[in-house]
Every structure is written in C-alpha cells, then in structure tokens.
Number of protein chains: 2
Amino acid sequence: MYDGIVQELIDEFGRLPGIGPKSAQRIAFHILQTPSFDVKRLAELLTEVRERVRFCEICGNVAEQERCAICRDPRRNAALICVVEDAKDVAAIERTREFRGLYHVLGGAISPIAGVGPDDLRIAQLMTRLADGTVQEVILATNPNLEGEATASYLSRLLTSMQITVSRLASGLPVGGDLEYADEVTLGRAFEGRRVL
Amino acid sequence: MYDGIVQELIDEFGRLPGIGPKSAQRIAFHILQTPSFDVKRLAELLTEVRERVRFCEICGNVAEQERCAICRDPRRNAALICVVEDAKDVAAIERTREFRGLYHVLGGAISPIAGVGPDDLRIAQLMTRLADGTVQEVILATNPNLEGEATASYLSRLLTSMQITVSRLASGLPVGGDLEYADEVTLGRAFEGRRVL
C-alpha cells in the first residue's frame, strides 16, 4: 500500500493497545508532518523510559530507582497498605489525595480463564512485607469485577490468620451518577452498604 | 503523578491525534512491559521514517525517493489524474484496485473557517502538470463534505477552459448499507444519480 517503511510504522503503531489500523495510519501520517526535532525527542524518550524505568522492588509500582517515590517517602504511613492490581491504579488513587499509606501492586488479578493463578501475582512478596508486624491494615482495592472480587476474597482468606485488619473499598453509586442508569448489581450493593445518617 | 519520565512519555503520546489521556497512559505502561528490543525498534523506525520519507515532488504522495512508487511506475495511465485531499486517500483508492492512473494530492481542502484558501493547496502544481496536454481526464475525488465539494467546484471551474474531461466520484448509498439509515442528502444524491438498467 505505502512505500515499505511507512507501512512498517503503521503496523508498529497498530500493535499498541487501543490503536486500530485507522488510528495507526493517522498517527503515522501525523509523524511524517511533525518537525524532525519533535519526532527525535519522542524516539529518545521511548528508549530512555524503557531503559531507565523499572518496577519498585518493594511495592511493584513504576520507579526510576530501586524503590519508587512513594516507598521512599518517610511521611507515608507504613502501617497501611493498599493492594491494587496495576501500577495505573496507584496513580488513580494518588489523584484522590485521600490515601497516605503505602501500596502493593499485584500485577493483575486471579483469573482461571486467562490462566492467572495466585502464584502469578506478587502475593508472596505481600506476605513477606506483612511478616514483621508493622502493617496494621490492608485495604483490598482490586477492581470491583469478577477477577478483582475473586482476588480480594482469596487475599482476605489468606490474611484472616494474621493480626491485621482487612478492608475492601466500598461499592455503590458513582458520585454525580444517576440512580436510574445504575445497573442492578451496583444498586444492590448501594443498598447493602447504606449508612445511617 | 508518575515519576517524571513516565509522565513525560504519557504527555508525548497524548499529543498524537486521536489519543486521549487514558489511552496515552495505557500505551506508556504497555511500553514499560514491552521487551527493550521491540521498543528500540519502534524508536528507530520513528526517526528513520521522519528522516527518509518525504512527499513526491510530482503528486505529493508519500515517497522514499524524489518520486513516489506510483509516479515511477510506467504501467500507470498518465492520461488520467485523480485529485485527492490527502495521501491517506491515495492508499484508500489503491486498495480498490479500480484505478490505474496517477494521483495529485492537494494537501487539504478549501475551508474559509479553517483559513485554508486555494493558494494553500497544491493547485498551482496541478495546473503545471496539466499544461503539456498529456492528461485527458481529471477525476475530482475530494471528500463528499462541505470543504471537499467546495474544492471540487473550484477546481472544475478552473479546468473548464482546458480541453480536459473533469469528473467527480459518484455519491449515493454505500454498498452493504441500509436505505432506511441513509441520511436525506445521501438518499437525494442516490436518486439524482440513478442509472437506467
């Protein structure tokens, strides 16, 4: 279709998540019309990110050093660990500015269909972190879907024998949402979790 | 939110057309988990495409040499020129395998709102190509929207004085579409352009 190398670039972009063939083509043509300098910067950034960024040896979050910025911060409450599936979830929670504890990134959720079992997740590392008795509460913040719920209940069973409070993020109506448009399961959860005023 | 360089990469991806902040984040995390080798390849391809690919000096299509693969092909019919807005349109028409002539890429369409006039398009170059009398038909294949129609009617007026057939791609119902869902303008065009069987 296109002279070889342009098609190659389109194919490479098409391999990125969430980019279909049409978007890939649009991006490739955008690159052709972008100043050389900017393209070079993107290219260098790609290589640099891949070389410099790794995952925190404690919590599994993205980091430029051995430990991530959150694990290095002495002002964070080390008695509180929030367990999430993915490093993207850490960023989402940080945006709320509600949580001042530490994180633990599992790297996914238990899913028999996708062939992901407890051993494929960073659960052993979590148990090691909990062993010295510093942590008083573990907040299970896995996604409120089938896999996330399965992972949360697996972890909560695993933690019952320890002297640690285990909690789960509340399910209910999204703020700013419309009751009318809530699905039954969410609405049911909102009733279950109702609070006396 | 993220350690500096990851956020920088997210921002860079977010600047590409059709990629919102969520997609940009997803792509950046995908890059972090992609083998170094593949990321390096994408980075090199980006720089290489930007350095090697240019626009054909005759038709304005993407090319790796001074002239594009289509203009260099002696089997193409040089008496027939298809005028399109964008190099992406060349690829779309090539996919049909219906057209064996040459192309002329305008680089956009006339749009008073966007401040694009005839002088901003490769119209002078088109007139130069038509001057030697080789071309017998010009097919106006600009988009069937306001800007594309304006550009087509501007060009057709410009070409009336020359001994050249000027044609426009047919408008009508899309093949495989449903009459019920066609908008009025398209359906009206389909009536206007009806053919005796």
Side-chain angles (χ1 to χ4, degrees), chain A residues 1-13 15-20 22-56 61-65 68-69 86-88 90-92 94-95 107, chain B residues 1-13 15-20 22-56 61-65 68-70 86-88 90-92 94-95:
Chain A
M1 207 65 54
Y2 294 105
D3 278 13
I5 195 174
V6 179
Q7 191 59 47
E8 258 180 69
L9 185 65
I10 295 174
D11 294 343
E12 280 295 328
F13 276 123
R15 244 168 246 138
L16 298 175
I19 299 187
K22 285 270 169 192
S23 305
Q25 184 181 292
R26 224 159 94 211
I27 295 169
F29 273 87
H30 175 85
I31 294 290
L32 286 176
Q33 284 153 347
T34 300
S36 263
F37 179 82
D38 290 337
V39 175
K40 209 160 204 155
R41 202 167 138 246
L42 175 59
E44 283 164 2
L45 203 55
L46 273 170
T47 325
E48 209 186 327
V49 160
R50 192 57 193 80
E51 274 166 9
R52 258 176 52 191
V53 178
R54 39 183 153 176
F55 295 94
C56 173
N61 187 17
V62 288
E64 285 185 54
Q65 303 179 19
C68 75
D86 204 284
K88 288 195 278 287
V90 172
E94 283 298 286
R95 251 174 261 135
Chain B
M1 208 64 56
Y2 294 105
D3 278 14
I5 196 174
V6 178
Q7 190 59 48
E8 260 181 67
L9 185 65
I10 294 175
D11 293 343
E12 279 296 326
F13 276 123
R15 246 168 244 136
L16 298 175
I19 298 188
K22 285 271 168 189
S23 306
Q25 184 181 293
R26 225 160 93 210
I27 295 170
F29 273 87
H30 176 85
I31 294 290
L32 286 177
Q33 284 152 349
T34 299
S36 263
F37 179 83
D38 290 338
V39 175
K40 208 160 205 155
R41 200 165 140 248
L42 175 58
E44 282 164 4
L45 203 55
L46 273 169
T47 325
E48 209 186 328
V49 160
R50 191 58 194 77
E51 274 166 9
R52 259 176 50 192
V53 178
R54 37 183 155 177
F55 295 94
C56 173
N61 188 16
V62 287
E64 284 187 53
Q65 303 179 21
C68 74
I70 295 170
D86 202 285
K88 288 194 277 288
V90 172
E94 284 297 286
R95 251 175 261 136

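Treat the numbers as computed from the prediction; the structure is a model and nothing was measured.
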Point to revise | Winner by heavy-atom pair count (cut-off under 4.5 Å) against chain A, out of Leu16(B), Val49(B), Val90(B), Thr47(B) | key: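 Of the options given, most contacts go to Val49(B).
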
Exercise for review: Sort out for me which of Asp38(B), Leu32(B), Leu42(B), Ile31(B) touches chain A most, counting heavy-atom pairs under 4.5 Å.
Suggested key: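 Among Asp38(B), Leu32(B), Leu42(B), Ile31(B), the one with the most close pairs to chain A is Leu32(B).
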
Just so I know, are the side chains of [X] and [Y] near enough to count as touching, which here means a heavy-atom distance under 4.5 Å?
| X | Y | value |
| --- | --- | --- |
| Gln7(B) | Ile10(B) | yes |
| Lys40(A) | Glu51(B) | yes |
| Phe55(A) | Gln33(B) | yes |
| Ile27(A) | Phe13(B) | no |

Check your understanding: Any salt bridge between Arg15(A) and Glu12(A), counting N to O under 4.0 Å?
Key ->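 Yes, Arg15(A) and Glu12(A) are salt-bridged.
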
Check your understanding: Where does Arg54(A) contact chain B at under 4.5 Å (heavy atoms): side chain, backbone, both or neither?
Key ->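 The answer is neither part of Arg54(A).
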
Check your understanding: Ser23(A) versus chain B, heavy atoms under 4.5 Å apart: side chain, backbone, both or neither?
Key ->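 Ser23(A) has no heavy atom closer than 4.5 Å to chain B.
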
Review point. Hey, which of Pro35(A), Pro17(A), Ala28(A) has the most heavy atom pairs under 4.5 Å with chain B?
Key: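 That would be Pro17(A).
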
